[in-house]
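Numbers here are sequence positions counted from 1.
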Amino acid sequence: MTVRLVVVSHSEKIADGAVELAAQMAPDVVMLAAGGTADGRIGTSLEKVMSAMDQAAGGEGVVVLTDLGSAVLTAESALELAADPSGVLLADAPLVEGLVAAAVAAQGGADAQAVKRAAEAVYGRVSPASSPVSSVSEGSVTGAGPEFTGDFELINQAGMHARPAAKIAGGLAAMDAEVTVNGVDGASMTSLMTLAAGKGSVLHVEAWGPDAERALNYVGGLVQAGFGEP
């Protein structure tokens, strides 16, 4: 079982569309849309949100993403009325980008807290207190203590677009490591996309923490496999 996701939007079409998009990258994750009012108007419905939360129960936790103002209030009200509120987390993240990052993290087996962090990481960047002391080239990996660094050349035709960024960010969110890619937060899908790295660009990856080597190998493996793309 994996963490399940609930999408709360003022628009039924936006909620359904966001779920459809995220499902392309995380086909095994249960995602439930709770958009619009019960009679199909623009707005939010406490009953629809509570129903979605109930349907999402039974996995390894539920993470809820919202769009604007009253959607947040409606989700908070539903959480207060939930039979088991301890199993539900509200993510403070952009709806579409956050949902994609959360879905990919859940697909990778991350727990609820890590899925929530993956969604929220699209807002920020990390600023490591120190720099790694080891270096490698051409995709090899080496380490000094808990710190690892590697350089990997993008070989897929489209480079660092949404799907690769989501795969990197979602996978890293499930690991106990702090990772930067060309200086931005590796667990932030949005930050990775701002790199605008095309085919042939080199990603310089730096990692700290207990899962640092695993995180570096994960990113390197994705890049060297072309993210499964042409």
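Of all heavy-atom pairs spanning Ala165 and Met193, the tightest one is CB-CG, 3.6 Å. In plain terms, the two heavy atoms of Val3 and Ala106 that are nearest each other are O-CB, 3.8 Å. Residues Ala212 and Ala207 come closest through the heavy atom pair O-CB, 3.6 Å. Across all their heavy atoms, Ala71 and His10 have their closest contact at N-CE1, 3.6 Å. In plain terms, the two heavy atoms of Met25 and Val104 that are nearest each other are CB-CG2, 4.0 Å. Here the closest heavy-atom approach between residue Gly98 and residue Ala119 is recorded as O-CB, 3.5 Å.
Phe152 and Val184 fall within a single hydrophobic cluster, where Ile, Leu, Val, Met, Phe, Trp and Tyr are joined by side-chain heavy atoms under 4.5 Å apart, directly or via other members. Under a hydrophobic clustering in which Ile, Leu, Val, Met, Phe, Trp and Tyr are joined whenever their side-chain heavy atoms come within less than 4.5 Å, directly or via other members, Val179 and Phe148 fall into the same cluster. In the hydrophobic cluster analysis, where Ile, Leu, Val, Met, Phe, Trp and Tyr join through side-chain heavy atoms closer than 4.5 angstrom, Val8 is grouped apart from Met31. Side-chain heavy atoms closer than 4.5 Å link hydrophobic residues (I, L, V, M, F, W, Y) into clusters, and following such links, possibly through other members, connects Val181 to Leu154. Both Val49 and Val64 are part of a single hydrophobic cluster, where members link through side-chain heavy atoms under 4.5 Å apart.
A distance of 11.0 Å separates CG in Leu5 from CG in Leu89, rounded to the nearest 0.5 Å. Note that CD of Glu120 is 9.5 Å distant from CG of Leu90, once rounded to the nearest 0.5 Å. Interatomic distance, CG of Asp185 versus CG of Leu172, reported as 8.5 Å (0.5 Å rounding). In this structure, CG in Leu21 is found 13.0 Å from CD1 in Ile14, a value given to the nearest 0.5 Å. A distance of 6.5 Å separates CD of Glu229 from CZ of Arg163, quoted to the nearest 0.5 Å. Of the inter-residue distances, the one linking Leu81 atom CG with Glu76 atom CD reads 12.0 Å to the nearest 0.5 angstrom.
Within 6.0 Å of CD on Glu20 lie no more than 12 heavy atoms contributed by other residues, nucleotides or ligands.
Every side-chain hydrogen bond (donor to acceptor under 3.5 Å, both in side chains) that Gln157 has, sequence neighbours left out, goes to Lys199. Arg41 is linked by a side-chain hydrogen bond (donor to acceptor under 3.5 Å, both in side chains) to Asp39, counting only residues two or more places apart in sequence or in another chain.
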What verdict does the side chain to side chain donor-acceptor pair (under 3.5 Å) test give for Ser51 and Glu47, after you've listed the backbone C-alpha separation in whole Å, the side-chain angles of each residue and the deciding distance to 0.1 Å?
CA-CA 6 Å; Ser51 176; Glu47 291 74 16; over 6 Å; no
For Val223 and Ile155, run side chain to side chain contact (heavy atoms under 4.5 Å, CB included): C-alpha distance rounded to whole Å, both residues' side-chain angles, the deciding distance at 0.1 Å, then the answer.
CA-CA 7 Å; Val223 174; Ile155 63 172; 5.9 Å; no
Just do the side chain to side chain contact (heavy atoms under 4.5 Å, CB included) check on Thr66 and Thr44 with the steps written out, would you?
CA-CA 10 Å; Thr66 60; Thr44 57; over 6 Å; no
Side chain to side chain contact (heavy atoms under 4.5 Å, CB included) for Thr2 and Asp28? Distances and angles first, verdict last.
CA-CA 8 Å; Thr2 59; Asp28 300 322; over 6 Å; no
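The closest donor-acceptor contact from the side chain of Lys48 to the backbone of Gly35 lies under 3.5 Å. Distance alone, capped at 3.5 Å, places no donor-acceptor pair between the Glu178 side chain and the Trp208 backbone. Without hydrogens or angle criteria, Asn156 side chain to Pro230 main chain gives no donor-acceptor distance under 3.5 Å.
The shortest distance between side-chain heavy atoms of Leu216 and Thr149 does not fall below 4.5 Å. The shortest distance between side-chain heavy atoms of Phe227 and Ile168 falls below 4.5 Å. Between Met50 and Ser77, the closest side-chain pair of non-hydrogen atoms is not below 4.5 Å.
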